[in-house]
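Shown next, in structure tokens, is the structure this report addresses.
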Amino acid sequence: MHIKSQLTKIITDALNQLGVTSSNITVTEATKPEFGDYQYNGAMALAKELKSNPREIANKIADIIKTNPIFSDVSVAGPGFLNLTLESTFIAKNLPLALNERAGVAKKSDPIKVVVDYSSPNMAKQMHVGHLRSTIIGDTIANLFEFLGDEIIRQNHIGDWGTQFGMLIAYFEENGKESNSKLSDLEEFYKEAKACFDADEEFAKRAREYVVKLQGGDAKCLSLWSAFIEKSLEHCQDVYDTLGVKLDKSAVKSESSYNDDLAQVVQDFQKKGISTKSQDAECIFFEGSDNPLIIQKSDGGFLYATTDLAAIKFRTQELGAKRICYVVDARQSEHFKQVFAAARRVGYATDDVKLEHIAFGVMLDKSGKPFKTRDGGTVKLKDLIDESIKRARDIISRANEYTPKELEKIAYTVGVGSLKYADLSINRQSNYIFDWDKMLSLDGNTALYMQYAYARINSILNRAKDVAITLETPLIEDELERRLALKILTLDDTLYRAYVDASPHIITGYLYELATLFMKFYELNPILKEGVKEQTKQSRLLIAKAVANAIKTSLNILGIDVLERI
RNA sequence: GCACUCGUAGCUCAGCUGGAUAGAGCAUCUGAUUGCGGUUCAGAAGGUCACAGGUUCGAAUCCUGUCGAGUGUACCA
């Protein structure tokens, strides 16, 4: 649909006729219903440039575009606001588009290849709450981009290399047969190994020796190491499957897989004279910063910065990515700033490649402190998901009677959906205060509210199964119906805005507005009650269908399922 | 110390890149409705957008400073 860009084009054309070739023309949604549907505020800014009166400019634009049948009203208000109201027939005519399987959303005309790097768990430990945001936000972004037509390559940059593995191998070796059974709870295993590492100087030394052996290609160490990874990956896959996150083996591209490229990366920088030796380490310095990016340690070892650079090289040169999104904790913003700058300098990323750090804040508890278990430990992701499902089960079973099978399905869908929605519905940049009650509330901007709205509409549509809808476009009989129908059509613009900012909360914001608007609409405009005229009934059913479709489509992008009944 | 991010209603958050009287939800108060799913709808109240300057027709948004919070700061990932 792209209403906004259609309007922008209309304004741009009008300005061209007036001899103005300004870039950066943007039409925005009206701030209030009284101001129409959309507004253009650029006349005031142009006034200075043209040394003219803003109202006059706005009036000139209005005179030109007034004749366009898309508008029912074009007016100039205040110092030079141009208020645009769309013709209802235009809205009505386009609404049927929203009933198709893409909910009326067009694919991009210029699809590109995008790498989305997300989740990236550490293979030495079990996944914990710290991985939740990256996994959920990353998956949504990948879904969104994919839906809009880009070619998405999901990359799970798993941490399978480093000193912790020497620790695990040492602990495994020294605990003989017991180790095998302990391995099933990787978290425990890691904790115990870590305890030894911290407490026992000798053990720590042996662990470091194992790291050297592992890196040297020792066969026994390698086989143990890959056994750890396999075990750990199984656990991750289990979490991904439960969450409905589209990550699997094909997305895994581990840190260690870049091992063979690291020496070349350092050489690339050396050859171009970008890096220099400082305190025996190979460093890249940046203007205005004292801290360099170190790509090779004084002992010859490589670091994660080196791996990240190798990954950028791989992604641009081998995969051909034009946009690379790193869905990683905001704390690493300096790191990425440096890595991106380095990648550009050395030529791994040319100007046509966008490198983005999709940063997000940390998860906090209700009191604003880091999210921990009661005894101060990290919360396992598996446990968090299980609790969410359990809480969802409690809440819904209070409201209705279900068969055990139904209850499980609904509890699962609501539990996982709520966990995701709560995370996605706030601006990813800021820290996120986790609150069970708020998250599973039916009031407000929550998954449950959306799922419930969907189920309600579905219930109406089921009840109306026998009504033959011969009407092709809705009637748009009142203001609320008009606003709702228009809102349905703006899904397209919304998704594109979320695309540009890589911000899922723009989608949830839209969903909430859509759902509340529908609730108001159907409170005032009964659909199946006695006395509703046949045409009106059909029109309202058409709108209800489109709303349901928009909700379902949007939720699916967020990785959340709808339920036909709650 | 330096760098980055942030500071909006009692609480949790929006605010579409500089626009009109700063918006939601929760909590509080009031009302409607025997309800096409009451886990509803409508309304009230709640604000010096941390503070002080500046830029301009116009600032929560941009710049400077102050205060407060968080994070990061040379060979871990």
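The model shown is predicted, which means the values in this text are computed figures rather than measured ones. Protein chains get the first letters and strands the later ones, always in sequence-line order, with residue 1 at the start of each.
B:G10 and B:A42: their C1' atoms are spaced 24 Å apart (whole Å). Comparing the same atom, P, in B:C36 and in B:A50 gives a spacing of 46 Å after rounding to whole Å. Taking atom P in both B:C67 and B:A52, one finds a spacing of 15 Å when rounded to whole Å. Nucleotides B:G70 and B:G43 have their P atoms positioned 40 Å apart, rounded to a whole Å.
Using cut-offs of 30° and 60° for the angle between ring planes, the A:His357 and A:Phe336 rings count as tilted.
Across all strands shown, nothing is found opposite B:G58 as a Watson-Crick or G-U wobble partner with both distances under 3.5 Å. Pair assignment for B:A14 gives none, since no Watson-Crick or G-U wobble pairing has each distance under 3.5 Å. Summarising the base pairing, B:G31 is matched to B:C41 through a Watson-Crick or G-U wobble pair whose two defining distances lie under 3.5 Å. Within the shown strands, nothing qualifies as a pairing partner of B:A9 under the Watson-Crick or G-U definition with both distances less than 3.5 Å. When Watson-Crick and G-U wobble pairs are counted only if both distances are under 3.5 Å, B:G65 pairs with B:C51. For B:U71, the paired base is B:A3 (Watson-Crick or G-U wobble, both distances below 3.5 Å).
Set against B:C36, B:G70, B:A77, the side chain of A:Tyr304 has B:A77 as its closest nucleotide. In the set B:C75, B:C41, B:C4, the nucleotide with an atom closest to the side chain of A:Lys520 is B:C41. Closest to the side chain of A:Lys438, out of B:U12, B:C75, B:A42, is B:U12. Comparing atom distances between the A:Ala455 side chain and each of B:C16, B:G37, B:C41 picks out B:G37 as nearest. Here the side chain of A:Pro292 is nearest to one of B:A14, B:A74, B:G19, namely B:A74.
In this structure, A:Thr536 contributes its side chain and A:Val532 its backbone to no donor-acceptor pair below 3.5 Å. Between the side chain of A:Asn431 and the backbone N or O of A:Val362, at least one donor-acceptor pair lies under 3.5 Å.
More than 12 heavy atoms of other shown residues, nucleotides or ligands fall within 6.0 angstrom of atom CD in A:Glu479.
With a glycosidic angle more than 90° from 0, B:U34 adopts the anti conformation.
Geometrically, A:Lys253 engages A:Tyr258 in a cation-pi contact defined by less than 6.0 Å to the ring centre and at most 45° from the axis. Taking the ring centre of A:Tyr454 as origin, the terminal cationic atom of A:Lys552 falls outside the region bounded by 6.0 Å and 45° from the ring axis.
Contact annotation: side chain of A:Ser278 to base of B:A74, donor-acceptor pair present below 3.5 Å. Between the side chain of A:Asn83 and the base of B:A20 there is at least one donor-acceptor pair of N/O atoms closer than 3.5 Å.
In this structure, CG of A:Asn445 is placed 12 Å from P of B:G15, rounded to the nearest angstrom. In this structure, the OH atom of A:Tyr402 is 11 Å from the C1' atom of B:G37, given to the nearest Å. Straight-line distance from the OH atom of A:Tyr452 to the C1' atom of B:G37: 4 Å, rounded to whole Å. Summarising the geometry, the separation between CG on A:Leu448 and P on B:U40 is reported as 10 Å, rounded to the nearest angstrom. Put simply, CD on A:Gln39 is 14 Å from C1' on B:U21, counting in whole angstrom units. Atom pair A:His131:NE2 and B:A77:C1' shows a separation of 11 Å (rounding to whole Å applied). Following rounding to the nearest Å, A:Asp437 (CG) and B:G25 (C1') show an atom-to-atom distance of 14 Å. Separating the CE atom of A:Met519 from the P atom of B:G25 is a distance of 13 Å, rounded to the nearest angstrom.
Evaluation of A:Phe81 against the base of B:G19 yields no stacking contact (centre distance < 5.5 Å, interplanar angle < 30° required).
Heavy atoms of A:Glu282 sit nowhere under 4.0 angstrom from any nucleic acid atom. Backbone-only engagement by A:Tyr512 is indicated by non-hydrogen atom pairs under 4.0 Å involving sugar-phosphate atoms exclusively. Looking at heavy-atom distances under 4.0 Å, A:His335 makes no contact with the nucleic acid at all.
Aromatic pair A:His335/A:Tyr304: ring centres closer than 6.0 Å.
Each of A:Arg456 and A:Arg428 has a nearest nucleotide on RNA chain B; the 5'-most of these lies closest to A:Arg428. Along RNA chain B, the nucleotide nearest to A:Arg497 and the one nearest to A:Ile395 differ in position, and the one closer to the 5' end is contacted by A:Arg497.
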